There are 2 protein chains.
Amino acid sequence: MDAVNKMEVLKSYIETKGLKSTAQRDFIADTFFKTNTHISLDELLKKVKRKTPGIGYATVYRTMKLLTESGLAIARQFGDGQTRYENLPEDGHHDHIICIKCSKIAEFHNQKIEQLQMEAAKKLGFTVVNHKLELYGYCPDCV
Amino acid sequence: MDAVNKMEVLKSYIETKGLKSTAQRDFIADTFFKTNTHISLDELLKKVKRKTPGIGYATVYRTMKLLTESGLAIARQFGDGQTRYENLPEDGHHDHIICIKCSKIAEFHNQKIEQLQMEAAKKLGFTVVNHKLELYGYCPDCV
DNA sequence: ATAATAATGATTTTCATTTTCAATTGCAAG
DNA sequence: CTTGCAATTGAAAATGAAAATCATTATTAT
């Protein structure tokens with residue numbers, strides 16, 4: 001899903017919820033949709049302010065909350081005490097590996113792992129609807 | 001490893017680090033070692049204060065930091081905005097599966113998953129030192 | 001016993017959110 | 001096009017968990 005389509009999904013979410021559309025929110029959302037990093041609120045605010053200095057922190061905060069609710073963004077905690085937001089991935093779910101030295105984040109996906117997870121859950125009588133897998137270690141640059 | 005042995009590990013950790021042993025820290029540690037829930041600082045403080053009202057938040061905080069450093073406790077974030085501490089498991093590392101309806105937490109371990117994680121990381125040039133795997137779903141009681 | 005240093009506990013500070021509030025804006029009905 | 005109501009905004013204040021400060025107390029090696 002590209003930025004344009006995400007914008008449409010957002011519009012219809014706003015409509016269903018009886019909310020109103022505003023230039024600020026549209027711009028923040030659009031800016032976020034065009035990022036592909038795991039961006040923090042501060043980083044996004046800085047990015048947004050470059051073109052629209054008037055926008056405040058609270059509006060960015062509220063917009064990201066809205067995007068998270070609507071499923072267009074994923075909020076993640078990688079242990080550095082900051083929430084980071086990730087765009088809804090093109091090609092389905094993926095997991096993360098985080099460098100504990102430089103904080104670089106890489107992504108990976110392994111179908112076999114997912115399958116083993118399901119099996120492990122089943123053994124305990126659980127049904128999995130979601131999961132979070134994060135590996136922490138050193139990236140190639142940090143040995 | 002039982003509470004007594006953990007206490008000994010703590011003692012030697014303290015010794016190696018050139019720290020001093022105190023009644024407060026021993027009591028906090030002992031109290032923690034005897035819990036088997038994922039306890040928060042506030043909960044632990046409350047528990048400790050029942051027998052030793054004089055102990056302050058900061059001491060509990062610092063003791064849990066020490067236990068985490070020494071590997072005797074594991075700090076976890078389950079997304080409720082509070083750090084929770086878990087005792088070093090008897091039988092090595094395990095992962096968690098959390099019921100999204102009743103919040104029940106079950107534990108499991110799968111060596112094959114760990115191995116696949118290592119491989120996935122290696123493919124990206126990373127070295128894994130730690131990981132976090134959480135499955136979210138429904139427990140047997142919640143369908 | 002003494003000196004050096006770590007620990008304690010109350011308090012303050014930090015920092016990332018989260019909320020408040022007055023002013024503004026969007027939108028639907030008339 | 002106006003009007004009124006409800007949502008939105010941005011600045012500022014509040015919140016809350018974690019971390020730091022600091023004067024006092026306690027521990028340990030000598």
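Because the structure is predicted, anything quoted here is derived from the model rather than measured. Sequence lines set the chain letters: A, B, ... in the order given, protein chains first and strands last, and positions in each chain run from 1. Any value given below was found using the heavy atoms of this structure, including those in side chains, with hydrogens, waters and symmetry copies removed.
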Determine all donor-acceptor pairs shorter than 3.5 Å in which one atom belongs to a side chain in residues 50-68 of chain A; sequence neighbours excluded.
| unit_1 | atom_1 | unit_2 | atom_2 | d |
| --- | --- | --- | --- | --- |
| A:R62 | NE | A:A58 | O | 3.4 |
| A:T63 | OG1 | A:T59 | O | 2.8 |
| A:T68 | OG1 | A:M64 | O | 2.7 |

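Residues satisfying the ring-ring contact (aromatic ring centres under 6.0 Å, His included) criterion with A:H38, sequence neighbours excluded, are A:F78, A:H96. Partners of B:D141 according to the side-chain contact (heavy atoms from CB on, under 4.5 Å) rule, which considers only residues two or more places apart in sequence or in another chain, are B:K104, B:C139. For the side-chain contact (heavy atoms from CB on, under 4.5 Å) test, residues two or more places apart in sequence or in another chain that qualify with A:Q77 are A:T83. For the side-chain contact (heavy atoms from CB on, under 4.5 Å) test, residues two or more places apart in sequence or in another chain that qualify with A:P89 are A:I74, A:E86, A:D91, A:H94. In terms of the side-chain contact (heavy atoms from CB on, under 4.5 Å) criterion, residue partners of B:L124 (sequence neighbours excluded) are, by chain and number, A:I97, A:A106, A:F108, B:F126.
Both A:M1 and A:F33 are members of a single hydrophobic cluster when ILVMFWY side chains are connected at heavy-atom separations under 4.5 Å.
Remark: A:D30 engages A:K34 in a salt bridge, criterion side-chain N to carboxylate O under 4.0 Å.
Direction change of the helix axis from one end of the helix from C:dA1-D:dT30 to C:dG30-D:dC1 to the other is 30°, with five pairs defining each end axis (rounded to 10°).
Within a heavy-atom distance below 4.0 Å of DNA chain D, no residue of residues 45-55 of chain B is found.
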Polar pairs (N or O, both sides) under 3.5 Å between protein and nucleotides 3-6 of chain D?
| unit_1 | atom_1 | unit_2 | atom_2 | d |
| --- | --- | --- | --- | --- |
| D:dA6 | N3 | A:K20 | NZ | 2.6 |

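Of all nucleotides in DNA chain C having an atom under 4.0 Å from a heavy atom of chain A, the first and last in 5' to 3' order are C:dA16 to C:dC27.
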| How would nucleotides 16-21 of chain D be written as a contact map, 5' to 3', with B for base contact, S for sugar-phosphate-only contact and - for no contact, using protein heavy atoms under 4.0 Å? | -SBBBB
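Each of B:K132, B:Q117, B:E134 was compared with A:L133 under the side chain to side chain contact (heavy atoms under 4.5 Å, CB included) criterion, and only B:Q117 meets it.
Taking only side-chain nitrogens and oxygens, A:T22 comes nearer than 4.0 Å to OP1 or OP2 of D:dT9. Between B:S21 and D:dT28 there is a side-chain polar atom (N or O) within less than 4.0 angstrom of OP1 or OP2. Taking 4.0 angstrom as the limit, A:Q24 places none of its side-chain polar atoms (N or O) nearer than this to OP1 or OP2 of D:dT8.
Heavy atoms of other residues, nucleotides or ligands lying less than 6.0 angstrom from OH of B:Y138 number 12 at most.
As rounded to whole Å, 7 Å separates atom P of D:dT9 from atom CD1 of A:I28.
Atom CD1 in B:I113 sits 14.0 Å away from atom CE in B:M118 (nearest 0.5 Å).
For the residue pair B:E119 and B:Q115, a side-chain donor N or O sits within less than 3.5 Å of a side-chain acceptor on the partner. Checking A:D95 against A:H131 by side-chain atom types alone, a donor-acceptor pair falls below 3.5 Å.
Annotation: side chain to side chain donor-acceptor pair (under 3.5 Å) contacts involving residues 8-21 of chain A, sequence neighbours excluded, comprise A:K11-A:D26.
The two atoms that bring A:F32 and A:N87 nearest to each other are O-ND2, 2.8 Å, heavy atoms only.
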